[in-house]
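Remember, it's a predicted structure, so these values are computed and weren't measured experimentally. Note that these values count all heavy atoms, side chains included, but never hydrogens, waters or copies made by symmetry.
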Amino acid sequence: MSTLPFTEIDTLDVQLVRRFSKLHILQSGLEPIPTAIVYCEANFGEIDGKTANGLVRHSPSFRILSVIDSEKSGLDAGYVLDGEYNGIPVCASLKDSIEKAGGIPDYFIFGLAPSNGVYSESEKSLILYAMRLGMNIVNGLHEFLNDDPVFSSASDTLDVTIFDIRKPHAQNDLQTFSGIIHQVGCPRILVAGTDCAIGKRTTATVLANALRERGLNVVLIATGQTGVMQGARYAVVMDAVPSQFCAGELESLIVGAYETEQPDVIIIEGQGALSHPAFTTSAAILRGCAPHGVILQHAPKRLHRTDFENMPMPSVRSEIDLINGFGNVPVLGITLNHEGMSSHDIAETVKEYNKEFELPVTDALSLPAERLCQMVFNTFPALNKQLPSITP
């Protein structure tokens with residue numbers, strides 16, 4: 001864990017730094033996208049750093065200035081994740097991040113997603129210091145900082161905002177499932193997986209962007225805290241919704257998005273795995289979105305469920321059978337999470353799975369996005385016909 005912030009930055013004059021930051025913004029011109037530092041100590045590029053990983057890969061809502069992880073400090077964030085430089089440095093501490101930024105960023109984003117969903121005392125101390133510096137806080141954990149008198153008082157006194165991403169609607173506003181989802185008149189595709197933190201959101205984002213580039217009107221439905229932070233227009237953090245309302249909240253969101261956007265296709269981000277006993281929202285998502293097809297994400301080299309070393313990973317076949325039986329919906333393709341895999345491993349696994357399951361197989365991050373699009377067009381050929389013709 002990083003050194004506690006009150007000793008780490010005791011050489012900084014808080015008011016001076018805040019004034020410098022404001023002057024820097026005025027001199028350089030107002031930045032339309034707010035700036036942010038993402039905290040991911042000891043976990044950037046790892047499974048529990050999935051929120052930070054996602055924001056570094058795709059963040060239309062924030063301009064990410066740096067990632068805090070003392071174990072990978074000095075490296076480029078893009079290189080850590082995907083072997084490609086993106087100019088976002090990994091820093092050793094908050095002090096290091098601020099010095100590299102040349103001023104105080106607008107937001108401090110907590111980019112860890114620990115299984116217990118709560119903060120350590122040192123993490124709380126760091127967040128409070130970021131607030132003293134004038135940074136707004138983005139909190140994606142189940143522990144709501146606005147409900148803590150210390151943080152609530154600090155927010156008021158320091159005139160900064162805490163965003164508790166996972167806080168659900170008031171109970172009176174929650175929706176129950178009605179079946180109106182079946183009146184949505186465009187294909188709905190769910191990106192599911194065989195485990196949590198396996199790349200469902202990333203694959204859904206790559207697919208949605210690729211289909212948009214092909215000329216389709218696509219709505220992406222985010223169902224986790226990272227999607228909300230990334231700026232998804234249509235999002236509900238499913239694991240924060242009481243179970244009675246999970247399917248209905250998702251259904252209501254999709255219906256509203258369809259009526260507003262009139263999309264050609266809707267892509268839904270899955271959560272957990274239908275076979276995983278710790279993630280009951282997986283079943284609610286499958287019921288609530290009533291998909292016409294599922295893309296299944298799997299990590300061939302992962303031996304056990306994340307954070308559950310006594311639970312071996314399910315087979316692709318068993319997950320497909322479960323999805324078919326529970327949701328009465330076909331799996332239209334398989335996508336790979338290539339953790340621990342070489343390019344040769346990926347190519348061989350694609351061939352193996354294609355032969356075994358007689359389904360298209362790809363890797364959203366290392367292979368052309370056109371392969372993802374083709375999964376969709378194979379099942380919904382009318383979408384391909386909707387694309388504008390291109391004259392050579």
Side-chain angles (χ1 to χ4, degrees), residues 58 60-61 163 165-192 200-201 203-271 281-295 323 326-330 332 372-373 375-377 379-388:
H58 178 72
S61 293
F163 295 92
I165 299 299
R166 268 191 163 106
K167 201 156 194 176
H169 298 148
Q171 186 141 340
N172 289 342
D173 297 327
L174 293 172
Q175 304 292 314
T176 55
F177 186 80
S178 68
I180 196 173
I181 188 69
H182 297 292
Q183 296 180 20
V184 172
C186 71
R188 300 180 298 281
I189 300 170
L190 170 64
V191 180
K200 297 179 288 290
R201 184 196 66 256
T203 293
T205 301
V206 171
L207 174 59
N209 289 339
L211 291 173
R212 290 184 185 118
E213 289 176 2
R214 292 288 301 270
L216 290 173
N217 180 12
V218 183
V219 164
L220 174 60
I221 303 292
T223 56
Q225 75 277 8
T226 305
V228 175
M229 294 181 195
Q230 289 176 323
R233 184 173 182 183
Y234 297 99
V236 54
V237 185
M238 291 291 288
D239 65 5
V241 177
S243 59
Q244 179 182 355
F245 302 99
C246 279
E249 281 288 283
L250 181 59
E251 176 191 49
S252 176
L253 181 68
I254 293 173
V255 170
Y258 177 71
E259 292 175 347
T260 301
E261 307 294 340
Q262 290 297 297
D264 299 312
V265 60
I266 296 174
I267 310 296
I268 302 99
E269 171 201 8
Q271 293 294 320
T281 53
S282 307
I285 289 172
L286 193 57
R287 293 300 197 201
C289 73
H292 298 100
V294 171
I295 292 174
I323 291 169
F326 182 83
N328 190 29
V329 57
L332 54 89
L372 272 176
C373 294
M375 286 184 183
V376 175
F377 297 146
T379 306
F380 307 102
L383 290 176
N384 205 11
K385 294 177 183 178
Q386 291 179 28
L387 298 175

> Does atom CD of Gln244 have more than 12 heavy-atom neighbours, drawn from other residues, nucleotides or ligands, at distances under 6.0 Å?
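Incorrect, the count does not exceed 12.
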> In Å, rounded to the nearest 0.5 Å, how long is the span from CG of Asn209 to CZ of Arg214?
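These two atoms lie 14.0 Å from each other.
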> Run the numbers on Ile266 and Tyr234 for side-chain contact (heavy atoms from CB on, under 4.5 Å), then give the verdict.
CA-CA 11 Å; Ile266 296 174; Tyr234 297 99; over 6 Å; no
> Give a yes or no on this: more than 12 heavy atoms of other residues, nucleotides or ligands lie within 6.0 Å of atom CG of Asp173.
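Enclosed: over 12 neighbouring heavy atoms sit under 6.0 Å from CG of Asp173.
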> Would a distance-only check, ignoring hydrogens and angles, find a side-chain to backbone donor-acceptor pair under 3.5 Å from Arg188 to Ile268?
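Pair absent, no side-chain N/O of Arg188 close to backbone of Ile268.
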> Is there a donor-acceptor contact under 3.5 Å from the side chain of Thr176 to the main chain of Gly248?
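Absent.
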> For Val219 versus Ala257, what's the shortest heavy-atom pair and its separation?
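So the minimum-distance heavy-atom pair works out to CG1-CB, 4.0 Å.
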> Got a donor-acceptor contact below 3.5 angstrom from the Glu261 side chain to the Asn217 backbone?
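A pair under 3.5 Å: no.
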> Locate the shortest heavy-atom distance separating Met238 from Leu250; write the atom from each residue and the value.
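For Met238 versus Leu250, the nearest heavy atoms are SD-CB, 4.1 Å.
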> If I take atom CG from residue Leu383 and atom CD1 from residue Ile189, how far apart are they, to the nearest 0.5 angstrom?
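Answer for the CG-CD1 pair, Leu383 versus Ile189, is 7.0 Å.
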> Would you check if the side chain of Gln230 reaches a backbone N or O of His58 as a donor-acceptor pair within less than 3.5 Å?
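Between the backbone of His58 and the side chain of Gln230 there is a qualifying donor-acceptor contact (under 3.5 Å).
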> Which atom names give the shortest non-hydrogen contact between Cys246 and Val241, and what distance separates them?
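So the two residues come closest at SG-O, 3.4 Å.
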> Report the distance from atom CD of Gln271 to atom CD1 of Ile285, rounding to the nearest 0.5 Å.
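With rounding to 0.5 Å, CD (Gln271) is 5.0 Å from CD1 (Ile285).
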> If you look at every heavy atom in Ile254 and Cys289, which pair is closest and at what distance?
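Heavy-atom minimum between the residues: CD1-CB, 3.4 Å.
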> Search all heavy atoms of Ala290 against all heavy atoms of Ile181 and return the closest pair with its distance.
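That would be CB-CG2, 3.9 Å.
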> Between Asp239 and Thr281, is there a donor-acceptor pair closer than 3.5 Å when you use the side chain of the first and the backbone of the second?
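No; zero donor-acceptor contacts below 3.5 Å.
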> Can you check whether Val228 reaches Gln225 side chain to side chain, under 4.5 Å on heavy atoms?
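Counting from C-beta outward, Val228 and Gln225 never come under 4.5 Å.
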> Hey, does the side chain of Glu269 reach the backbone of Leu220 with a donor-acceptor pair shorter than 3.5 angstrom?
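No, Glu269 side chain to Leu220 backbone: no donor-acceptor pair under 3.5 Å.
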> I want to check something: taking the side chain as every heavy atom from C-beta on, are Leu286 and Val329 in contact at a cut-off of under 4.5 Å?
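Yes, at least one pair of side-chain atoms sits under 4.5 Å.
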> Go through the structure and list residues passing side-chain hydrogen bond (donor to acceptor under 3.5 Å, both in side chains) with Asp264, not counting sequence neighbours.
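Per chain and number, Asp264 pairs via side-chain hydrogen bond (donor to acceptor under 3.5 Å, both in side chains) with no residue.
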> For Arg287 and Phe326, work out which heavy atoms get closest and say how close.
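It is NH1-O, 2.9 Å.
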> With rounding to the nearest 0.5 Å, note down the distance linking CD in Glu259 to CD1 in Ile180.
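Those atoms lie 6.5 Å apart.
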> Measure from the side-chain N and O atoms of Gln175 to the backbone N and O of Glu249, and report whether any donor-acceptor pair falls under 3.5 Å.
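No; judged by distance alone, with no hydrogens or angles, the pair does not exist.
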> Return the CD to NE2 distance between Glu251 and His182, rounded to the nearest 0.5 Å.
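Glu251 atom CD to His182 atom NE2 measures 7.5 Å (nearest 0.5 Å).
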> About how many Å separate OH of Tyr258 and CG of Leu253, when rounded to the nearest 0.5 Å?
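The distance works out to 15.5 Å.
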> Going by heavy atoms in the side chains, are Phe163 and Met229 under 4.5 Å from each other?
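Not touching, per the 4.5 Å side-chain cut-off.
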> Between Thr223 and Val237 (side chain of the first, backbone of the second, donor and acceptor by atom type, cut-off under 3.5 Å), is there such a pair?
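Side chain of Thr223 to backbone of Val237, a donor-acceptor pair under 3.5 Å: no, none is there.
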